[in-house]
A.B. asks: 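My structure is below; once you've seen it, I'll send some questions.
Numbers here simply count residues along the sequence, with the first being 1. Note that the coordinates shown come from a computational prediction; the quantities given were computed from them, not determined experimentally. Indexing begins at 1, ligand by ligand and atom by atom, following the structure's order. The figures here come from the full heavy-atom set of this structure, side chains too, leaving out hydrogens, waters and symmetry mates.
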Amino acid sequence: MTDTAAVPGVEEHAYTLDSPSGATTLADRLTRLGTGRVVVVGSGLTGVEAAAEIADRHPGLGVTLVGRQDPGASMSPKVRAYLRAALTRLGVQVVTGTAVSRVRPDGVELAGAEALAADVVLWTGGTRVAPLAAAAGLTVDDRGRVVTDPTLRSVSHPEVYAVGDAAAVRQGYGVLHGTCQSGMPTGVHAAVSIARTLRGRQPRPSSGAFWPRGGRFTRLRDAR
Ligand SMILES: Cc1cc2nc3c(=O)[nH]c(=O)nc-3n(C[C@H](O)[C@H](O)[C@H](O)COP(=O)(O)OP(=O)(O)OC[C@H]3O[C@@H](n4cnc5c(N)ncnc54)[C@H](O)[C@@H]3O)c2cc1C
């Protein structure tokens with residue numbers, strides 16, 4: 001879920017894309033607005049995609065993308081150049097190297113720079129994990145994700161499996177990113193492991209691949 005506690009005012013004054021209903025509410029507001037300025041906070045991939053989409057669909061609206069880093073900062077120079085060119089073509093203003101310190105009903109305040117006026121603020125400034133796992137006493141990492149063993153079982157409570165955004169699955173390069181591409185395979189792997197356990201077999205380590213080998217869900221066969 002979106003981290004609406006990141007800075008003051010997000011909860012009260014910003015839109016988020018946490019759910020289909022939230023996205024619909026924003027889309028309705030933008031359609032009613034017709035003209036004006038939209039500030040999208042967060043220059044990660046969600047912010048880039050949202051800013052581009054809004055500018056494309058609502059040519060009457062001015063769109064500003066604000067974030068700490070350049071769009072696509074973690075990607076190759078070629079990808080970054082492509083993103084920049086696409087945003088320029090769509091008329092999206094990009095303000096980077098600054099952080100939003102507060103969201104107001106009429107715009108956003110920036111740390112060390114002049115405030116930006118906005119009719120609508122969309123917050124895509126990062127996500128947080130629901131506090132349920134930590135509150136339940138499972139071992140979690142510093143972001144509240146359930147720390148798992150290689151089979152995706154909680155290291156503190158092996159009867160509990162964790163998958164998707166809720167899980168901190170350690171890989172050679174670090175912790176598996178929370179995406180659909182990792183969420184679906186880990187979900188399938190956990191389901192297969194539970195089925196194996198019910199048949200008296202041991203769960204297998206997760207391959208760590210974004211998709212199970214041999215096709216999307218073929219490993220369901222492993223449950224037998
Ligand atoms: C705007 C946006 C764009 C994205 N774009 C991409 C993309 O292009 N590609 C990509 O790979 N990923 C993308 N992601 C990330 C991707 O959506 C997530 O990584 C993925 O949905 C995680 O799946 P999940 O099943 O772990 O969690 P979720 O999809 O968040 O599902 C969790 C479910 O658990 C339910 N739930 C929560 N608490 C409880 C409870 N206490 N009891 C019962 N149910 C509960 C929730 O209602 C929800 O249905 C995007 C995310 C956002 C927000």
A.B. asks: Looking only at side chains, do Q69 and S43 share a donor and an acceptor under 3.5 Å apart?
C.D. replies: no

A.B. asks: Establish, from distance only, whether the side-chain atoms of S21 and T24 form a donor-acceptor pair under 3.5 Å.
C.D. replies: no

A.B. asks: Which atom pair, heavy atoms only, marks the closest approach of D119 to G36?
C.D. replies: OD2-CA, 3.2 Å

A.B. asks: Using a 4.0 Å cut-off on heavy atoms, what residues surround ligand 1? Order them by chain and number.
C.D. replies: L17, T46, L132, G164, D165, G178, T179, C180, Q181

A.B. asks: Ignoring hydrogens and angles, state whether a donor on the side chain of T64 or R37 is under 3.5 Å from an acceptor on the partner side chain.
C.D. replies: yes

A.B. asks: In terms of side-chain heavy atoms, does R128 have a donor or acceptor partner in T4 at a distance below 3.5 Å?
C.D. replies: yes

A.B. asks: Could you tell me whether the side chains of T96 and D70 share a donor-acceptor contact shorter than 3.5 Å?
C.D. replies: yes

